Amino acid sequence: MHHCLSIPEIVHLICSQCDSLFDLAALARTCRTFSEPAQDGLWYEIGDLIPLIKCMPEDLWKSPEEITPDEEALIVFQRPIVSTDWPRFIIQSQRVRALGSDGSPELGHVDFQMLTFAASGLSLFPNLKELYWFEASDRIPFILPFLGPSLTTITLSGGEPSLARLQLSAFTTFCMKCPNLTVIRIEDAAYNDVQNGISVLSAAICQLHKLETAILGDITTDAYRHLAMLPTLKSLRLLLEIDPPIPLPLLLDSPPFSALERFQIDSGRLLHGAWMLNTSSCSLRALEVDYWEKTVESDWRIFFSTILQRCGLSALTAFKVRSRENPLSINHAAFLARPPLRMEHIAPLLAFHSLQSLVMQPIEGFDLDDASLEQLAKALPRLKALMLGVFTNAISLAKRPRVTLSSLGTLARYCPNLEHVGLHLDACIPCAAETTSSTRHTSLRCLVFGKSPIEDVMMVARFLSQMFPNIEDIWTAGSRSDVEASYEEKWNVVGTLHREYVARYSNSEEGDEV
């Protein structure tokens with residue numbers, strides 16, 4: 001064996017380059033030098049407990065082939081677990097750094113209970129860093145043997161209101177057992193229905209002092225103040241079902257959210273996003289707001305003016321706002337009376353010259369024209385993604401789009417880094433010849449069209465192939481009427497012709513070079 005392989009760092013580096021579990025398993029069987037490092041890699045991340053349980057004696061568990069259809073699990077214990085069953089489980093579990101369930105019921109409730117009781121006093125995963133727990137809520141109490149001070153990331157999901165009390169009790173405990181948590185994700189709001197549930201959860205959050213990323217539901221003002229004072233918190237997402245009880249301004253001794261870079265809020269009203277922004281710092285790099293209640297024109301003016309006042313003009317690089325209002329609950333006539341967003345509404349965003357991603361999906365849609373898109377393109381030259389209203393699953397737009405193919409040429413001219421574009425446009429109006437001859441954009445990879453009338457598919461395909469030769473996907477999005485369905489068919493033809501034209505142009509250019 002080469003003397004280089006006597007250096008542990010080199011052996012570990014070789015094992016770290018193996019992408020396949022089969023390769024790691026083969027290395028582990030090669031020789032003693034590779035055995036331990038390869039096994040460390042092999043067990044670094046496991047999706048569930050089944051591989052570890054299969055390290056225990058074969059008479060303890062029942063394999064999937066032996067499980068009857070009425071047993072809702074992938075593995076079942078056949079007898080009580082005793083101390084002599086644990087050695088191989090413990091040896092391999094010490095190597096595990098990430099444990100995550102894929103949502104399948106690998107163990108039934110009784111079997112989880114057996115495993116937990118038998119592990120009493122044992123540290124099953126002493127080196128575990130990341131835990132993803134998607135089990136049903138009634139199994140939350142069985143999470144405790146998996147916790148320890150080494151844990152830095154935890155994700156919980158699978159809550160039910162009737163079982164939320166168990167979640168809250170366990171959550172209070174694991175905050176004490178895992179003081180070094182830096183990432184916490186709780187994506188269920190079942191505890192909202194439990195008396196004092198929000199208060200109990202919020203009190204537990206206040207015990208965590210090293211958080212860098214947090215995804216949480218409704219919390220108390222004290223918990224929000226605690227998060228605001230953390231010097232480490234970089235990413236925060238709030239999934240709110242009730243109005244945020246945050247007093248404005250927060251009475252703090254130092255600037256709130258001093259390190260926050262990414263802020264997301266899912267709430268009923270659009271203005272909740274503005275209220276929360278008023279309590280944050282100006283260092284945000286990404287802002288995302290989802291809302292599901294009706295908005296009025298004044299809401300948008302307040303929202304955008306707040307963004308302009310609270311966010312650093314050179315810091316913000318990603319902005320997303322999306323309506324999740326249920327279109328089935330909207331009266332058609334009332335919807336048509338709601339004005340779409342115009343350039344005057346979104347004009348404050350044009351001051352953020354560092355924006356790279358601009359995604360806006362208001363249910364009211366947009367009323368923009370080619371001049372508006374030119375103004376936007378000139379103001380935001382660093383854009384990589386621009387999506388304006390194409391993904392709203394709402395009532396079909398009443399008006400024909402005023403944006404034309406010429407705007408794609410404008411975007412190509414002023415935004416050289418664009419990779420994804422989504423627009424409603426009228427492709428029936430031919431583009432000026434000088435637009436295609438003067439601009440060739442090689443960065444664009446994806447075009448998404450909403451309600452986009454089209455007639456001459458060959459003209460459009462020729463235009464796109466000359467200007468955007470590297471497009472990989474052209475598709476349509478959003479709900480549509482029968483007429484709009486015919487547009488979708490034509491855009492599919494455009495995608496096919498685009499590939500043919502690009503291949504033809506490439507062949508002709510190669511021939512010219514020869």
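Keep in mind that this is a model prediction, so the values were computed, not measured. The first residue in the sequence is number 1, and the count goes up from there.
- For Arg97, the CZ atom counts as densely surrounded, since its 6.0 Å shell holds more than 12 non-hydrogen atoms of other residues, nucleotides or ligands.
- The closest donor-acceptor contact from the side chain of Trp61 to the backbone of Met56 lies under 3.5 Å.
- Closest approach of Ala259 and Thr232 over heavy atoms only: CB-C, 4.5 Å.
- Proximity of Leu464 to Leu408: side-chain heavy atoms (C-beta onward) are separated by under 4.5 Å at one or more points.
- Under the 4.5 Å side-chain criterion, counting only non-hydrogen atoms from C-beta, Leu49 is in contact with Leu99.
- Counting heavy atoms from C-beta outward, Leu444 and Leu411 have side chains that stay 4.5 Å or more apart.
- Here CG of Leu60 is found 7.0 Å from CE of Met114. Values are rounded to the nearest 0.5 Å.
- Ser465 places no side-chain N or O within 3.5 Å of a backbone atom of Val502 that could act as its donor or acceptor partner.
- Not one N or O on the side chain of Asp266 forms a donor-acceptor pair closer than 3.5 Å with the backbone of Asp290.
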Does the pair Ser235 and Arg262 meet the rule for a side chain to side chain donor-acceptor pair (under 3.5 Å), with working shown? CA-CA 5 Å; Ser235 177; Arg262 183 178 185 86; 4.7 Å; no
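- Using a 3.5 Å distance cut-off with no hydrogens or angles, the side chains of Lys384 and Asn417 do not pair a donor with an acceptor.
- The two residues Phe352 and Cys311 have their closest heavy-atom pair at CE2-O, 3.5 Å.
- Between the side chain of Thr152 and the main chain of Lys129, a donor-acceptor pair closer than 3.5 Å is present.
- Ring pair His209/His226 is perpendicular by interplanar angle, where above 60° counts as perpendicular and below 30° as parallel.
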Could you walk me through whether Leu227 and Leu216 pass side-chain contact (heavy atoms from CB on, under 4.5 Å), step by step? CA-CA 11 Å; Leu227 295 174; Leu216 302 167; 4.0 Å; yes
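- Atom CH2 of residue Trp86 and atom CD1 of residue Ile81 lie 5.0 Å apart, to the nearest 0.5 angstrom.
- Minimum heavy-atom separation, Ile474 to Val494: CD1-CG1, 4.3 Å.
- Of the possible polar contacts, none joining the Trp491 side chain to the Phe449 backbone as a donor-acceptor pair under 3.5 Å is found.
- For the residue pair Leu380 and His353, the shortest heavy atom distance occurs at CD2-CA, 4.3 Å.
- Shown here are the salt bridge (Lys or Arg N to Asp or Glu O under 4.0 Å) partners of Arg269, two or more places apart in sequence or in another chain: there are none.
- In this structure, Ser354 contributes its side chain and Leu316 its backbone to no donor-acceptor pair below 3.5 Å.
- Of all the heavy atoms in Cys446 and Trp475, the pair that sits closest is SG-NE1, 3.5 Å.
- Taking the side chain as every heavy atom from C-beta outward, Leu181 and Leu151 approach each other to under 4.5 Å.
- With a 6.0 Å radius and a threshold of 12 heavy atoms from other residues, nucleotides or ligands, Arg382 has its CZ atom at or below the threshold.
- The pair Arg445-Glu419 fails the salt-bridge criterion, with no side-chain N (NZ, NE, NH1 or NH2) lying under 4.0 Å from an Asp/Glu carboxylate O.
- The CD1 atom of Ile471 lies 4.0 Å from the NE2 atom of His498; values are rounded to the nearest 0.5 Å.
- Panel note: side chain Thr30, backbone Leu27; a donor-acceptor pair is recorded below 3.5 Å.
- For Cys55, the side chain to side chain contact (heavy atoms under 4.5 Å, CB included) partners are Trp43, Arg88, Gln92, not counting sequence neighbours.
- Going from atom CD1 of Ile205 over to atom CG of Leu201 covers 5.0 Å, rounded to the nearest 0.5 Å.
- In this view, Asp473 satisfies the salt bridge (Lys or Arg N to Asp or Glu O under 4.0 Å) rule with no residue, not counting sequence neighbours.
- Interatomic distance, Arg237 CZ to Thr213 OG1, rounded to the nearest 0.5 Å: 12.5 Å.
- Taken from SG in Cys206 to CG in Leu230, the straight-line distance is 9.0 Å, to the nearest 0.5 Å.
- In this structure a side-chain-to-backbone donor-acceptor pair under 3.5 Å is missing from Glu288 to Val321.
- Side-chain contact between Asp222 and Ser202 is absent, with no heavy atoms from C-beta onward closer than 4.5 Å.
- Across every non-hydrogen atom of Phe257 and Leu236, the tightest pair is CE2-CD2, 3.8 Å.
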